[in-house]
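Read through the structure below, which is laid out as structure tokens, and then see the notes.
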Amino acid sequence: MCTRAVFYFIVDIMNTKISESMPKAFDSNIKEKEMIKIWDDSGYFKPENVESYLKKEGLDIKDNFTITLPPPNANGDLHLGHTCGYSFQDLMGRFNRMTGHPTLLLPGKDHAGIQTEAVFTKILEKQGESKWDLGREEFYKRCYEFCMEKAANARAQEKAIGLSADFEREMFTLDPRLNKIVYETFYNLFEKKDENGRGLIYRDKRIINQCPYCRTALADIDTEHEEMRGIFAYIIYPFVDEADKKLAKEKLGQEGIVVATTRPETMLGDTAVAVNPKDERYKEFVGKKVMLPIANREIPIITDRKIDIETGTGALKVTPAHSPIDFEIAKRNKLEAINVINEDGKMSGDIPERFLGMDTVDCSKALVAELKDLGLLVKIENIKHSVTVCERCKTPIQPIISHQWFLNVEPFAKAALEELKKGNTKIMPAGQQRALEFFLKNIEPWCISRQLWWGQRIPVWYSGGKKLYDWLMDNPKKTPADYEKETGIKAIGTGKIFMGETMPTSDPDWKGNESDLLIEAETDMFDTWFSSGQWPYSTLKALFPNEKDFNKYYPTQVMETARDILFFWVARMMMLGKYVTGKTPFKDVFLHGLVFATDGTKMSKSKGNVVLPAGIIEKYGADALRLWYYISALPGSNVSVDEEKIKGNRFFINKIWNASRFVLMNIEEELDEVIKSEKDIKETKKIKEAKKELKKISNYIVKYQFNLAAENIREFFWHTYCDKWIEETKAEIAELKVGDKKRIEKLSELIYILKLSLKIMHPMIPFITESVWQELKTVGLAKGDLLIQQIEE
RNA sequence: GGGCGGCUAGCUCAGCUGGUUAGAGCACUACAAUGACACUGUAGGGGUCACAGGUUCGAGUCCUGUGUCGCCCACCA
């Protein structure tokens, strides 16, 4: 007993150095910050430096590896979904950097038009300010500052998860260099005509989704459907002719035709009643006229194949201006569209004065009351139905007819589909590829203009004003002179448009007085996805304007993002990327699982179930969180935050630390011999097996099977290296004297395998592995920084 | 209405192109007094792989159908 105690006392003294720099528990909070500094200083987040390193070492330089990282919205904190993406992107980036590829992970921030405008407007309101008081310019300036501040915050969090991105090259979607490229795309697509002679980008008047709260037009994809309670009102539209009335009374039980609607207020804009041509009930009434109650307008009964005989009464009131289906029916039947709801969701237009300015719901109630008094209301049913709402603020959408800018996505979608079919771009999981194909096959024109203040202004100028241009578009064969005659407004311009960032000083076709000429700026902004949809080539073109350099980075290898923006973003990047550059922007698309709250529901501030990555990292360390993503957030899955599992991973991280600590503590006093012996190490049985296992891990990484890579490395390192090999070695060297040749061999073997393992683990868990590597470096057992070490293949 | 995915141990989930007694983490049981680590080690219990057919020498894995839960898309007024 006594001798034992003395022995360990001596060991303690000898190990003081190690014990000091390597405490029993791995302190992730301290070490992670140190490693971030080491990596920053190393310069290896830059592909050029990786390339010169490889050259210097006389190693093969393989193809560049590039990911243009999905830019998070620069208006808040990063959530667990963002850090999930970064974990996967960084794993791929680090692995490629360590296997001979000059690697660029290009970070960015998204101005996120409508969302940021909403967020910042709310912040202003809280401070007692209003965006309307600030005005456009001041609002833009303040919002820009706000985004820059938030971007810095996000950047710090990106570093905290270990992201090895080239931060000096970070891009903001409103960067002037990017704006230039986005504008060029716009000009080119405006000039390019489709087979009907129309520009691929064009201004059009059609039915769009108007959010009355955000006061802007939205693309179809920017809307959601929500189950809401509503009414289904059955209203009688009496026939005009007495004979028809009589016949109707006989056949239909009323002196009119009964229509059923969930939105009675739209009846003021009705221009027909449509029935199915095969509907026997209404056959003899087709072509007859009914009197639209309250509005007192005569409208015809028409037929349309799309009408469902079973729904409601089988007779549909047609409001072309405020219903997408009705808009289509009107087009087919050449019906007039009457606008009765304006951009703010209020009743307007040519309607009885008492309804003007009313909210649609109030108007609906008022109309129902009047119809009841007139005896024209059959009944009201209370129903639940799905209502289209704004994706941002959940306000019900008002379909209205409006002049907007559109992109004819059809040729783009065709090109993107082709790339998918050829396998030039592959989506993982495969099920999502079919979803994307379906989406691309059924795509509608994309409304790219938004009535916002935050974003890129559509670079268009109207000679004579926007109103004149739109009027001429609606009246194709007419002239500005006709415009003056018919509207009574003077036409002070030619009705032409000019493209460009700066205002044109003159219009060569303008015959009038130069000083009279009105040139009006387009005030609409681009949909935020119009710029982010160009992300891979816009960022790389901006950074590498020289074509030779650009081709080194583009097309990129992988797009790694979340499933929920497959249509919003991935589809747009594929369409625009292929069309503009001729090449699909990425070979593989890896869609990680969605991260949900502990209870399996979506995280939201209002529910109070938001878990932020910063808290998890502080508690368990970034490596533990990363490992959890790799094992849990598989493509196609939904994953709920599970702290127990993250905690379990932290135990593993600590295990790596202590195994390394053990090896280092034991070899301190015979270091030189170990270093010497390690140089011409024999391929022992353990080394052979380790190499086989580690090769398996890198194969998993190459095949995107990150869960298997993470699970297997954990299994190997913990249960083979630690539990078996270290324990065996312990027993083997127990009786050997310090400096014994066999002892040195055994310890060298352990160190050798440890280093191999650290390399292969580094892409997944960079902090612990680099921390250990740095310890090895200080005693001379390793050279350089781990992040640039090359994995043998 | 269309499409996609899940259903495997008490819980959360792995299981690539079909191949020996189906795995992990957590939880559970018993043991180990602790000099790398208790954020530990050793051993163990626990599963008719949703159901029904089929293909095959062989199916958790492939095919067909059913049930069930969930997600996405869609113009039922």
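Lettering follows sequence order; numbering is per chain, from 1. Reckoned from all heavy atoms, side chains included, excluding hydrogens, waters and symmetry mates.
Remark: side-chain polar atoms of A:Tyr629 are paired, donor with acceptor, to backbone N or O of A:Leu80 under 3.5 angstrom. Side chain of A:Arg563 to main chain of A:Leu591: no donor-acceptor pair is present (N/O by atom type, distance under 3.5 Å, no hydrogens or angles). A:Lys334 places no side-chain N or O within donor-acceptor distance of the main-chain N or O of A:Lys331, the cut-off being under 3.5 Å.
When heavy atoms are screened at a 4.0 angstrom cut-off, A:Ile631 is found touching no nucleic acid atom at all. Within the 4.0 angstrom heavy-atom criterion, no nucleotide atom of any strand lies near A:Lys647. Using a 4.0 Å heavy-atom distance criterion, A:Phe567 is classed as a sugar-phosphate-only contact. Contacts of A:Asp723 with the nucleic acid, taken as non-hydrogen atoms under 4.0 Å apart, involve only primed sugar atoms and P, OP1 or OP2.
Ranking B:rC37, B:rA14, B:rC75 by closeness to the A:Asn658 side chain, first place goes to B:rC37. In the set B:rA14, B:rA74, B:rC71, B:rA14 carries the atom at the smallest distance from any side-chain atom of A:Leu708.
Look at the P atom in both B:rG67 and B:rC28: the space between them is 40 Å, to the nearest Å. A distance of about 14 Å separates the C1' atoms of B:rU21 and B:rG47, rounded to the whole Å. B:rG60 and B:rC13 have their C1' atoms separated by 14 Å, given to the nearest Å. When the C1' atom is used for both B:rA59 and B:rU17, the distance is 15 Å, rounded to whole Å. Distance noted for atom C1' between B:rU55 and B:rU61: 14 Å (whole Å). Using P as the reference atom, B:rC16 and B:rA50 are 14 Å apart when rounded to the nearest Å. Nucleotides B:rC31 and B:rA36 have their C1' atoms positioned 22 Å apart, rounded to a whole Å. Here the separation of B:rG46 from B:rU29, taken at their P atoms, is 16 Å to the nearest Å.
Look at CD on A:Glu224: it is 14 Å from P on B:rC75, rounded to the nearest Å. Atom CD of A:Glu444 and atom C1' of B:rA74 are 11 Å apart (whole Å). One atom, OH of A:Tyr721, and another, P of B:rC37, lie 16 Å apart when rounded to the nearest Å. Spacing between atom CG of A:Asn638 and atom C1' of B:rC69 amounts to 12 Å, rounded to whole angstrom units. Here the P atom of nucleotide B:rC73 and the CZ atom of A:Phe568 are 8 Å apart, to the nearest Å. Across the protein-nucleic acid pair, A:Leu591 atom CG and B:rC72 atom C1' stand 13 Å apart, rounded to whole Å. The separation between A:Leu634 atom CG and B:rC16 atom P is 11 Å, rounded to whole Å. In this structure, A:Ile726 places its CD1 atom 11 Å from P of B:rG41, rounding to the nearest Å.
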Listed pairs, N/O of protein and of nucleotides 3-9 of chain B, under 3.5 Å:
unit_1 : atom_1 : unit_2   : atom_2 : d
B:rG5  : OP1    : A:Arg434 : NH2    : 3.3

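The shortest distance between the side-chain N/O atoms of A:Lys730 and the OP1/OP2 oxygens of B:rA36 is below 4.0 Å. For the OP1/OP2 pair of B:rC76 and a distance below 4.0 Å, the side-chain nitrogens and oxygens of A:His385 include no atom meeting the criterion. Contact annotation: A:Asn707 reaches the phosphate of B:rG15 (side-chain N/O to OP1 or OP2, under 4.0 Å). The phosphate of B:rA38 has neither OP1 nor OP2 within less than 4.0 Å of any side-chain N or O from A:Lys655. For the pair A:Lys24 and B:rC37, the criterion of a side-chain N or O lying under 4.0 Å from OP1 or OP2 is met.
A:Glu560 and A:His592 share a side-chain donor-acceptor pair at under 3.5 Å. With no hydrogens or angles considered, no side-chain donor-acceptor pair links A:Asn649 and A:Asp623 at under 3.5 Å.
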* For nucleotides 24-29 of chain B, read 5' to 3', which letter fits each nucleotide if B means a protein heavy atom sits under 4.0 Å from the base, S means only the sugar-phosphate is that close, and - means neither? -> -S----

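By the 6.0 Å and 45° rule, A:Lys730 stacks over the aromatic ring of A:Phe662. At least one cation-pi condition fails for A:Lys647 and A:Tyr620: the charged atom is not both under 6.0 angstrom from the six-membered ring centre and inside a 45 degree cone around its axis.
Residues A:Leu436 and A:Ala571 approach most closely at CD1-CB, 3.7 Å, considering heavy atoms. Scanning all heavy atoms of the two residues, the minimum distance from A:Ile307 to A:Gly314 falls at CG2-O, 3.5 Å. When all heavy atoms of A:Ser771 and A:Trp657 are compared, the closest pair comes out as CB-CZ3, 4.1 Å.
Side-chain atoms of A:Gln705 and base atoms of B:rA14 include no donor and acceptor less than 3.5 Å apart.
Among A:Val259, A:Asp326, A:Ile302, A:Thr311, the one residue that satisfies the side-chain contact (heavy atoms from CB on, under 4.5 Å) test with A:Leu316 is A:Asp326.
RNA chain B forms stems at B:1-7 with B:67-73, B:10-13 with B:23-26, B:28-32 with B:40-44, B:50-54 with B:62-66, each a run of 3 or more consecutive Watson-Crick or G-U wobble pairs whose two key distances fall under 3.5 Å.
Ranked by how close their nearest RNA chain B nucleotide is to the 5' end, A:Glu727 and A:Lys724 are led by A:Glu727. Residue whose closest nucleotide on RNA chain B sits further toward the 5' end, between A:Asp220 and A:Ala260: A:Asp220.
Using a 4.0 Å cut-off between charged side-chain N and carboxylate O, A:Glu437 and A:Lys421 make no salt bridge.
Ring planes of A:Trp725 and A:Tyr721: perpendicular class, angle over 60° (limits at 30 and 60°). Aromatic ring pairs are classed by plane angle as parallel below 30°, tilted from 30° to 60° and perpendicular above 60°; the pair A:Phe88 and A:Phe590 is tilted.
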